[in-house]
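All remarks here apply to the structure that follows.
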Amino acid sequence: MTKAAGDATPTGAASRPPSRPTLVAADDAERGFPRSLLAGATLDAAGSLLGARLVRAPDRVGRIVEVEAYIGAADGASHARMGPTPRNQVMFGPPGIAYVYLVYGMHHCLNVVTEPASHPAAILIRAIEPEQGVEMMRAALARSRTRGRADPRGDGPVARRRAIPTSRLAAGPGLVCAALDIDRTFDGLDLCDARSPLHLELRPDGDPAPEILATPRVGVGYAPEPWASMPWRLLVVDSPSVSGRSRRGV
DNA sequence: GCAAAGATTTGCT
DNA sequence: GCAAATCTTTGCC
């Protein structure tokens, strides 16, 4: 009876990894995001992703403004440092595939697998600037926030909250997934295929190349040096949507 | 089979 | 500015 109709959250599927969609389809680079941009060096690919669009079909779109690069098995901060496991196996596959995992037991994180198969690298999407489907993002965010929470005061958990500025709806890796309804069922999805419910689109022609700033990655203090200090968090300098609370993006 | 830590976010002091 | 919430995955006995 775990199949409740309303909330489709597969809480009971703990003992079994979620079924994955078909891995790499034919080469749809012509219509989707060019896989070749993700097959090369991860840091170059990360630069290509800034300014690109993340599309959640049918109508949610955001401009990618912050990413982090995890360059391979030797990277002491990467999940790939432990070798292939049930969780990270898609990192060891071909580029352009989504790697989605759960962190701290509650937040999902979306990565784009890079470099050829057998080289386990990926790029974490840390923040997007909402462009379309803002109301749907807002609703999804509210839903994820109140999920499973009691109502201790009785006046509604959301009642006292102030409205979140649109620019901050997806200003963090967990928020990106919450706003776009991304969970582990998206693990293994082809992000280069324009038919995927979640996919990438190139930066529009009229869009100028963003000014990029590099800083150390966030939350990787457990990693040995030099990995913990490598400036592999890339962000768009003038974007109001980069992660961080009251701090500015530096 | 059990224990520890985590690529985060939020709310309160 | 600090600590809690929450549960999966990994590492070790």
Side-chain angles (χ1 to χ4, degrees), chain A residues 9-18 42-43 46 49 64 66-92 98-114 120-128 137-138 140-153 155-165 168-180 182-185 187 214-224 227-235 241-247:
Chain A
T9 307
T11 314
S15 60
R16 183 182 303 183
T42 298
L43 288 172
L49 284 182
I64 299 173
E66 180 179 343
V67 298
E68 269 179 9
Y70 292 85
I71 64 159
D75 182 346
S78 173
H79 286 174
R81 69 189 185 278
M82 305 165 250
T85 69
R87 177 173 69 163
N88 68 14
Q89 60 170 309
V90 302
M91 288 183 77
F92 291 77
Y99 168 44
V100 182
Y101 66 90
L102 186 64
V103 70
Y104 296 117
M106 58 185 84
H107 299 297
H108 292 282
C109 291
L110 169 68
N111 296 253
V112 181
V113 174
T114 58
I123 295 167
L124 171 67
I125 307 296
R126 288 192 56 88
I128 64 172
M137 294 186 194
R138 237 178 246 290
L141 209 53
R143 201 161 52 235
S144 75
R145 245 202 213 99
T146 57
R147 189 176 59 158
R149 294 240 167 145
D151 191 357
R153 300 242 163 89
D155 55 353
V158 197
R160 296 163 57 236
R161 295 190 57 78
R162 286 185 300 180
I164 304 170
R168 287 201 202 163
L169 285 178
L175 296 174
V176 169
C177 288
L180 299 183
I182 298 168
D183 59 26
R184 278 178 308 166
T185 63
D187 193 46
T215 80
R217 294 173 290 185
V218 175
V220 296
Y222 58 87
W227 308 112
S229 300
M230 295 307 261
W232 290 341
R233 171 189 179 227
L234 306 182
L235 53 93
S241 300
V242 296
S243 69
R245 283 178 77 77
S246 48
R247 285 176 146 182

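Just so we're clear, the structure is a prediction, and the values are computed from it rather than from any experiment. Note that these values count all heavy atoms, side chains included, but never hydrogens, waters or copies made by symmetry. Order of the sequence lines sets the chain letters (A, B, ...), proteins ahead of strands, with each chain counted from 1.
One interatomic measurement links the two molecules: CZ of A:Arg217 to P of B:dG6, which rounds to 15 Å at whole-angstrom precision. In this entry the distance linking CD of A:Glu66 with P of B:dA7 reads 16 Å, nearest Å. Distance NE2 (A:His108) to C1' (B:dT9): 14 Å, rounded to an integer number of Å. Rounding to whole angstrom units, NE2 of residue A:His107 and P of C:dC7 are separated by 12 Å. Spacing between atom CG of A:Leu169 and atom P of B:dT9 amounts to 13 Å, rounded to whole angstrom units. Atom pair A:Tyr222:OH and C:dT9:P shows a separation of 16 Å (rounding to whole Å applied). Rounded to a whole Å, the CG atom of A:Asn111 is 17 Å from the P atom of B:dG6. Rounded to whole Å, atom C1' of B:dT8 lies 11 Å from atom CG of A:Leu102.
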Map every base of DNA chain B to its dot-bracket character, where paired means a Watson-Crick or G-U wobble contact with both distances under 3.5 Å and | marks a partner outside the strand. ||||||.|||||.

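Ring stacking is absent between A:Tyr101 and B:dA7, as the pair misses the limits of under 5.5 Å between centres and under 30 degrees between planes.
Taking the side chain as every heavy atom from C-beta outward, A:Arg143 and A:Arg138 never approach each other to under 4.5 Å. Two residues are said to be in side-chain contact when any heavy atoms from C-beta on lie closer than 4.5 Å; A:Leu141 and A:Leu175 meet this criterion. Residues A:His108 and A:Ile182 form no side-chain contact, since every pair of their non-hydrogen atoms from C-beta on lies 4.5 Å or further apart. Counting heavy atoms from C-beta outward, A:Val67 and A:Leu124 have side chains that stay 4.5 Å or more apart. Taking 4.5 Å as the limit, some side-chain heavy atom of A:Arg126 sits within range of a side-chain heavy atom of A:Val218.
Distances shown here put every side-chain N or O of A:Arg168 at or beyond 4.0 Å from the OP1 or OP2 atom of B:dT9. Between C:dA5 and A:Tyr104, no contact under 4.0 Å exists linking OP1 or OP2 to a side-chain N or O. One finds no side-chain N or O of A:His79 lying less than 4.0 angstrom from the OP1 or OP2 phosphate oxygen of C:dT9.
Nearest heavy-atom pair, A:Ser241 versus A:Ala171, reported as atom, atom and distance to 0.1 Å: O-CB, 3.1 Å.
Checked for salt-bridge contact, A:Glu68 and A:Arg217 miss the test: no charged N lies under 4.0 Å from a carboxylate O.
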Using the 3.5 Å cut-off, write out each protein N or O paired with an N or O of nucleotides 10-13 of chain C and the distance between them.
unit_1 : atom_1 : unit_2  : atom_2 : d
C:dT10 : OP1    : A:Thr85 : OG1    : 2.2

Walk me through it: do A:Tyr101 and A:Asp187 pass the test side-chain contact (heavy atoms from CB on, under 4.5 Å)? CA-CA 8 Å; A:Tyr101 66 90; A:Asp187 193 46; over 6 Å; no

Intermediate values then yes/no, side-chain contact (heavy atoms from CB on, under 4.5 Å), A:Arg81 and A:Asp75: CA-CA 6 Å; A:Arg81 69 189 185 278; A:Asp75 182 346; over 6 Å; no

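Of the candidate nucleotides B:dT8, C:dA5, B:dT10, B:dT8 has the atom nearest to the side chain of A:Val218. The side chain of A:Arg184 lies closest to C:dT9 when the candidates are C:dT6, C:dT9, B:dA7.
A:Leu124 comes within 4.0 angstrom of a base, heavy atoms only. At the heavy-atom level, A:Ala77 lies under 4.0 Å from base atoms of the strands shown.
Taking the six-membered ring for Trp and thresholds of 30 and 60 degrees, A:Trp232 and A:Trp227 have ring planes inclined between 30 and 60 degrees apart.
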